[in-house]
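Scope of the values below: all heavy atoms of this structure, side chains included, with no hydrogens, waters or symmetry mates. Owing to the predicted nature of the structure, the values given are computational and were not obtained by experimental measurement. So you know, we letter chains A, B, ... as the sequences are listed, proteins then strands, and number each from 1.
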There are 2 protein chains.
Amino acid sequence: MAKSGEILSKLTEQGYRITPQRMMILDAIENAEDHISAEEILTLVCLQYPNVNISTVYRTLELLKQLGMVTETDFGDGRVRYHSIKKGRHHHLVCQKCGGIVDMEESIFNPVKETLLEQYGFDADIHHMAIFGYCKKCR
Amino acid sequence: MAKSGEILSKLTEQGYRITPQRMMILDAIENAEDHISAEEILTLVCLQYPNVNISTVYRTLELLKQLGMVTETDFGDGRVRYHSIKKGRHHHLVCQKCGGIVDMEESIFNPVKETLLEQYGFDADIHHMAIFGYCKKCR
DNA sequence: ATTATTGATACAAGGACTTGCAGTTGCATA
DNA sequence: TATGCAACTGCAAGTCCTTGTATCAATAAT
């Protein structure tokens, strides 16, 4: 179960329980090469323990999201994907023509966040966004 | 059917047909007080002509979105809402604690759009976004 | 005018989540 | 080590939206 120790202890701190399901789900996300979908997580988990339910996966993802351990991104293909915060924060540029996806620095939203705080007193929580548009080649 | 004339003629120009369903759906969106959901559109349309199907509503919304006549926003409450571009472009700040929604100027994203174009050659199409975070009171 | 062709629609089935509920389990405490 | 209970899970049913298919209507070609 690798080095997910910190996250697990954070769960305990906040009064949440550590269950085999949660450990396996967390493991799947942390070991994933790329952004992973709920269905893919379930498939991986079921290799170890077949009777885990998809709703448990969704509920755990919701929890991990709330605790800021995982981010959720909609790439516009009809299913949402998840990513461990430990593997780095970033956003995505999705080309609406060729479908290409390019990663982009998180800092790009800093000016927007500052303006929102100044003008609206709003503390924006912008994490792992997919921005749609047209890439260099396609526009 | 009010002053939807431009939009209807734009449909014709692009080789799309003007059907009663499309007119009624467009009408529902334009006359809506606020951002309206697909289900609400269907209810309104069915007052006039009961046999219209929800899938026609979704397909029409998809078309109007593509033509840039309507924007789609996810306020995070499990259903997406639509808004006529004629009634003004703007974004929303959604408070994750109190649920309050504040409109925000479109121009706030201009610096981001410029940076994306310079650094990535990406022409971002940022329309009608909902940004989550905490409002003045709640943070 | 008659026949293709294309486009739009209703209906039904499917996919991605979400929710209610009854039963199970982790874990604090005795 | 047992026990109490809130937290968690699996299951089934439900919601919102999408897609496949056959049918129907409008325009274009013959």
Side-chain angles (χ1 to χ4, degrees), chain A residues 1 4 7-29 35-43 45-46 48-67 69-82 130, chain B residues 7-26 28-29 35-46 48-67 69-82 130:
Chain A
M1 300 287 161
S4 325
I7 295 192
L8 296 181
S9 63
K10 195 171 176 184
L11 274 175
T12 319
E13 274 171 35
Q14 314 232 358
Y16 295 103
R17 291 185 187 159
I18 295 170
T19 66
Q21 288 93 333
R22 284 179 177 169
M23 292 180 76
M24 288 189 289
I25 290 166
L26 198 49
D27 229 44
I29 300 171
H35 301 68
I36 189 171
S37 72
E39 199 64 39
E40 287 164 351
I41 293 170
L42 182 69
T43 305
V45 169
C46 281
Q48 293 180 66
Y49 176 63
N51 281 46
V52 173
N53 196 273
I54 188 72
S55 57
T56 301
V57 175
Y58 282 115
R59 280 190 274 232
T60 301
L61 288 170
E62 182 59 36
L63 178 63
L64 295 173
K65 236 167 58 191
Q66 267 184 42
L67 296 177
M69 297 163 175
V70 153
T71 56
E72 182 191 80
T73 312
D74 181 0
F75 289 99
D77 67 338
R79 87 185 48 193
V80 161
R81 285 168 198 286
Y82 300 85
Chain B
I7 294 189
L8 294 181
S9 63
K10 195 171 175 186
L11 273 175
T12 318
E13 274 170 34
Q14 311 232 0
Y16 295 103
R17 291 182 191 159
I18 295 171
T19 66
Q21 288 91 334
R22 284 179 178 171
M23 291 180 76
M24 288 188 289
I25 290 167
L26 198 49
I29 300 172
H35 301 68
I36 188 172
S37 73
E39 200 62 40
E40 287 164 350
I41 293 171
L42 183 68
T43 305
L44 288 175
V45 168
C46 282
Q48 294 180 63
Y49 177 61
N51 282 46
V52 174
N53 198 273
I54 188 72
S55 58
T56 301
V57 174
Y58 282 114
R59 277 191 273 235
T60 301
L61 288 170
E62 182 61 34
L63 178 63
L64 295 173
K65 237 166 58 192
Q66 267 184 42
L67 296 177
M69 297 163 177
V70 153
T71 55
E72 183 190 78
T73 313
D74 181 0
F75 290 99
D77 66 337
R79 87 186 48 191
V80 163
R81 286 169 198 285
Y82 300 86

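A salt bridge between Lys10(B) and Glu13(B) is absent, with no side-chain N of the basic residue lying under 4.0 Å from a carboxylate O of the acidic one.
Residue Ile41(A) is tested with Ile29(A), Asp27(A), Val52(A) for a side-chain contact (heavy atoms from CB on, under 4.5 Å); the sole match is Ile29(A). Residue Met23(B) is tested with Thr60(B), Leu11(B), Ile18(B) for a side-chain contact (heavy atoms from CB on, under 4.5 Å); the sole match is Ile18(B).
Rounding to whole angstrom units, CG of residue Leu63(B) and P of dT18(D) are separated by 14 Å. In this entry the distance linking CG of Leu61(A) with P of dC8(D) reads 15 Å, nearest Å. Straight-line distance from the NZ atom of Lys65(B) to the P atom of dC17(D): 10 Å, rounded to whole Å. Distance Arg22(B) CZ to dA26(D) P: 13 Å, rounded to the nearest Å. Residue Met24(B) contributes atom CE, which lies 13 Å from atom C1' of dA8(C) at whole-angstrom precision. Between the CZ atom of Arg79(A) and the C1' atom of dG14(C) there is a distance of 13 Å, given to the nearest Å. Rounded to an integer number of Å, the gap from CD of Gln14(A) to P of dC8(D) is 11 Å. Following rounding to the nearest Å, Glu62(B) (CD) and dG7(C) (C1') show an atom-to-atom distance of 16 Å.
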_Stepwise side-chain contact (heavy atoms from CB on, under 4.5 Å) check, Gln21(B) with Val45(B)_ = CA-CA 8 Å; Gln21(B) 288 91 334; Val45(B) 168; over 6 Å; no

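Contact annotation: Thr56(B) side-chain N/O to dA10(C) OP1/OP2 distance is under 4.0 Å. Arg17(B) has no side-chain polar atom (N or O) that falls below the 4.0 Å cut-off from OP1 or OP2 of dG7(C). Contact check, Thr19(B) against dT9(C): a side-chain N or O comes under 4.0 Å of OP1 or OP2. Between Tyr58(A) and dT18(C), a side-chain N or O to OP1/OP2 separation shorter than 4.0 Å is absent. Considering only side-chain N and O atoms, Gln21(A) lies under 4.0 angstrom from the phosphate OP1 or OP2 of dG10(D).
Proximity note for Asn53(A) (side chain, C-beta onward) versus dC11(D), dC17(D), dA10(C): the nearest is dC11(D). Closest approach to the Arg59(A) side chain among dC17(C), dC11(C), dC21(C) is made by dC21(C) (side chain taken as heavy atoms from C-beta onward).
As judged by a 4.0 angstrom heavy-atom cut-off over every strand, Gly78(A) is placed among residues touching the sugar-phosphate backbone only. Nucleic acid contact for Ser55(B): base, since at least one base atom lies under 4.0 Å from a heavy atom of the residue. When heavy atoms are screened at a 4.0 angstrom cut-off, Ile18(A) is found touching the sugar-phosphate backbone but no base atom.
Arg79(B) places no side-chain N or O within donor-acceptor distance of the main-chain N or O of Ser37(B), the cut-off being under 3.5 Å.
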